[in-house]
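The chain is numbered in sequence order, starting from 1.
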Amino acid sequence: MDIFRLGASYYPEWWSEEDREEDFSKMEALGFNVVRMGEFAWSWFEPREGEYNFEPMLRALDCAEKHGIKVIMGTTTAVCPAWLYKKHPEVKGGNEKGRYDFGGRKGQCLSSPIFLEYAARITEAQAKALGNHPAIIGWQLDNEPGFPFYDFDPCCTQGFRKWLKEKYGTIDKLNEAWCTMMWSNVYNDFDEIDIPVNACEGGWTNEIRLDYRKYFSFTFNRLLRTEAEIVRCHSPNRFLYTNWPGANWSVNCFEGSEYLDYAGWDNYVGQPNGENYRVQLRASMEHSFDRRLSCGKHKFLVAEQTPLPDANTPADVIRAQTWLNVSHGAFATVFFEWRSPIGGAEQAYESILGRDKKYRENTEPVLRKLATELKEHYPKFAESKTVSEIAAVYSYENSWGTEGWVVDGPYDEEFFNAYGGFKNRLAANVDVIGIQDDLSPYKVIVMPNHRITVPEQAEKVKAFVSNGGIAVINTECGTRDEFNRMREMLEPGLFADICGAEAVENISAAKLEKQTGEPSEVEFPSGVKAAVHGKLFRLKLCGAEPAAYYTSGLLKGTPAVTVCPYGKGFAVLYATDGNDIYFYEELAQLIRDKFGIKPLLDADDGIIVSSRLCADKEYIFAVNMKDRPAQIRLESKMADELTGRLLSGSVLLDGYGVLMLKKADN
């Protein structure tokens, strides 16, 4: 796969065949080479039950092929046709208000056996009819799995009960795991269990929430796994993926790696402007996560991305965002979308072509340049990989077991801040992995708020440190068991022995600020002070050395960050459960200075640096996500592949500029 796939989502069911010919011709002229089609076309393919009509899509596929446009075909199960809802209203899911009415999308109940039967039926019919067309190179299963985050209809309740019975075996074991003796919430039978949608005080306990979120994830993975089996059978030799709305949303994507070839995600991270460039570090995190989810291939797709800048941002930001994708391992970027819809729920959505069917003047040149650059340069590193010595450890259990319901709850925000702070300050590759993964390739692992930790996982981390690794954890790590119950030990729980410290008291940062009238901050060895949030812990040291200190109240001068040797390595402990990205940048700087972590490039703030290794060549990418020039300082001569220039010393990179560097040939 040595061709970068650049293109857009396209919906032939919306347009006439004359329009399609014009659209595909324009795509070809622009330099696009892929479209994503079909993911919402169930009623087009099957207007009435059992009455299939795939001929219009086959003609659209022929037209795409004629213009050199390859196709990623989507299965259609993110929507529900009216005839199915009329015949079987129970296929619709529901929320706290009751069952969903017909209309919209993403409302199907994935616990409904009837919906699963019909979903498998349309997927098989579609794969048989279209799957061997030469234009199709891959399949997207469903659309944005995991949204809308929950389902509370009767089919889901029945499915949840069955899942719990299979997991626990007996109701007594469930009662023990859920601590139901609290407030006499004991169950006598699994049929007594309801999803506590309208719970009174304390009804959604941490234990129940964790199991419900696990079940919700299970339903999506079950649907996608079935579709994968069907499509592989009838459309062989095409890659399979799905477009996660974010790998850290509502589905355990690690399990998705068992049946998908690649991961993809929909990149709707906000466009950077001025000092808010750090928003793009969230895209870096998602890229790194999807790279991990692509089964060791070191590649992923960006399945949707906004093709237009906002009115206060130059069009070059689109090029910068796309090269940021590429620098982390993307082999495709599919913009959403080619043409602006004139009606429906997304009629105001901005697209590559306006409603006048014309290109936007400011973006057309940028898209043409991007297509030309990627066609010329991507083959040089198409088979490359990302090699990292830093990893951030993500846990769905810890995300789902934490207060907060939808995406970007407290755990996920904290994880992003940790990843972003280390990525930005270390100017290095940072992987996203799970605790189940091999830790040995890494020099540093960062695992914020990894509360739910089983003993085997803790021993794995201890072995990593003992063998020379550096584990960066906080006081909350290791404090809960697999059921989300608190352990009978002080923070940092299972990791106390490698940290050489334990927490003896705590206070919220907000309360401390109110009492002292001073900001809650930590002062690092550099003299820089960074704000801290959440609970602040007083530590009792039992072998650790202080590395940074609190600055206010009775905590002033007490350790906020410690370093403890353990075997051949070190455990770095920070004594708070909530921080922002600036704190993590200073923590990363401390680790960079103390342990000699070498950046890929010496670059100014705002330049996101990544590398790809291809045989004996390393390509280093520098993407300036600020709207003004920033500097890079080179230790030796390097060639910028995009321009052919030889660079050395101090190099000024324009706002939203991109460099693709490799060591100059001697």
Under a 4.5 Å cut-off applied to non-hydrogen side-chain atoms, are Arg538 and Leu555 in contact?
yes
Basic-acidic side-chain contact under 4.0 Å: Arg319, Glu373:
yes
Just verifying a value: how many Å separate Tyr394 OH and Ile433 CD1, rounded to the nearest 0.5 Å?
14.0 Å
Salt bridge between Arg485 and Glu207, side-chain N to carboxylate O under 4.0 Å?
no
Taking the side chain as everything from C-beta on, heavy atoms only, tell me whether Asp316 gets closer than 4.5 Å to Val366.
yes
Set out, in order, the CA-CA distance, both residues' side-chain angles and the distance that settles side chain to side chain donor-acceptor pair (under 3.5 Å) for Ser611 and Glu618, then state yes or no.
CA-CA 7 Å; Ser611 72; Glu618 183 180 33; 3.3 Å; yes
With no hydrogens and no angle check, do the side chains of Ser399 and Asp412 hold a donor and an acceptor under 3.5 Å apart?
yes
Rounding to 0.5 Å, atoms CG (Leu590) and OG (Ser526) come to a distance of 8.0 Å
Basic-acidic side-chain contact under 4.0 Å: Glu389, Lys598
no
Please determine if Arg451 and Asp577 form a salt bridge, counting it only when a charged side-chain N lies under 4.0 Å from a carboxylate O.
yes
Backbone N/O of Lys299 and side chain of Ser294: donor-acceptor pair under 3.5 Å:
yes
Run the salt-bridge test on Asp604 and Arg633 with the 4.0 Å N-O cut-off and return the result as yes or no.
yes
Output for pair (Ile452 CD1, Asn398 CG), nearest 0.5 Å, gives 4.5 Å
Please tell me whether Glu286 and Trp244 have a donor and an acceptor in their side chains that are separated by less than 3.5 angstrom.
no
Under 3.5 Å, is there a donor-acceptor pair between the side chain of Lys460 and the main chain of Gln436?
yes
Can Tyr584 and Tyr582 be said to form a ring-ring contact (aromatic ring centres under 6.0 Å, His included), step by step?
CA-CA 5 Å; Tyr584 283 109; Tyr582 301 98; over 10 Å; no
Between Arg291 and Asp431 (salt bridge meaning N to carboxylate O under 4.0 Å), is one present in this structure?
yes
Start with the C-alpha distance between His298 and Ser384, add both sets of side-chain angles, then the distance that settles side chain to side chain donor-acceptor pair (under 3.5 Å), and finish with yes or no.
CA-CA 8 Å; His298 288 265; Ser384 62; over 6 Å; no
Just one of Phe254, Tyr411, Phe415 clears the side chain to side chain contact (heavy atoms under 4.5 Å, CB included) bar with Ser395, so which one?
Tyr411
How are the rings of Tyr268 and Phe336 set relative to one another: parallel (under 30°), tilted (30 to 60°) or perpendicular (over 60°)?
perpendicular
Assess whether atom CG of Leu652 is packed by more than 12 heavy atoms of other residues, nucleotides or ligands within 6.0 Å.
yes
Atom CZ in Phe621, atom CE in Met660: separation rounded to 0.5 Å?
4.5 Å
Do Glu545 and Lys594 sit within salt-bridge range, that is, some charged N less than 4.0 Å from a carboxylate O?
no
Using 4.0 Å as the upper bound for N to carboxylate O, is an ion pair formed by Asp437 and Arg292?
yes
Tyr619 six-ring centre to Arg612 NZ/CZ under 6.0 Å and within 45° of normal:
no
Relative to each other, are the rings of Tyr378 and Phe381 parallel, tilted or perpendicular (30° and 60° limits)?
perpendicular
State whether Lys462 and Asp497 are salt-bridged, where the test is any N-O pair (Lys NZ or Arg NE/NH1/NH2 against Asp/Glu carboxylate O) under 4.0 Å.
yes
Would you call Glu585-Lys423 a salt bridge at under 4.0 Å N-O?
no
Side-chain H-bond candidate by donor/acceptor type, Ser650 with Gln631, under 3.5 Å:
yes
Check each of Thr475, Val472, Val532 against Tyr574 using the side chain to side chain contact (heavy atoms under 4.5 Å, CB included) test, and report the only one that passes.
Val472
NZ/NE/NH1/NH2 to OD/OE distance under 4.0 Å, Arg425 and Asp593
no
With rounding to the nearest 0.5 Å, note down the distance linking CG in Asn429 to OG in Ser284.
10.0 Å
Taking the six-membered ring of Tyr262 as reference, does the NZ or CZ atom of Lys297 fall below 6.0 Å from its centre and within a 45° cone about the axis?
yes
Phe331 ring center near Phe300 ring center (under 6.0 Å)
no
Walk me through it: do Thr322 and Asn325 pass the test side chain to side chain donor-acceptor pair (under 3.5 Å)?
CA-CA 5 Å; Thr322 305; Asn325 305 346; 4.6 Å; no
Assign the ring pair Tyr396 / Phe289 to parallel, tilted or perpendicular, where the plane angle (0 to 90°) is split at 30° and 60°.
tilted
Indicate yes or no: does Lys529 engage Glu586 in a salt bridge with an N to O separation below 4.0 Å.
no
To the nearest 0.5 Å, what is the distance between OG1 (Thr333) and CG (Leu370)?
7.5 Å
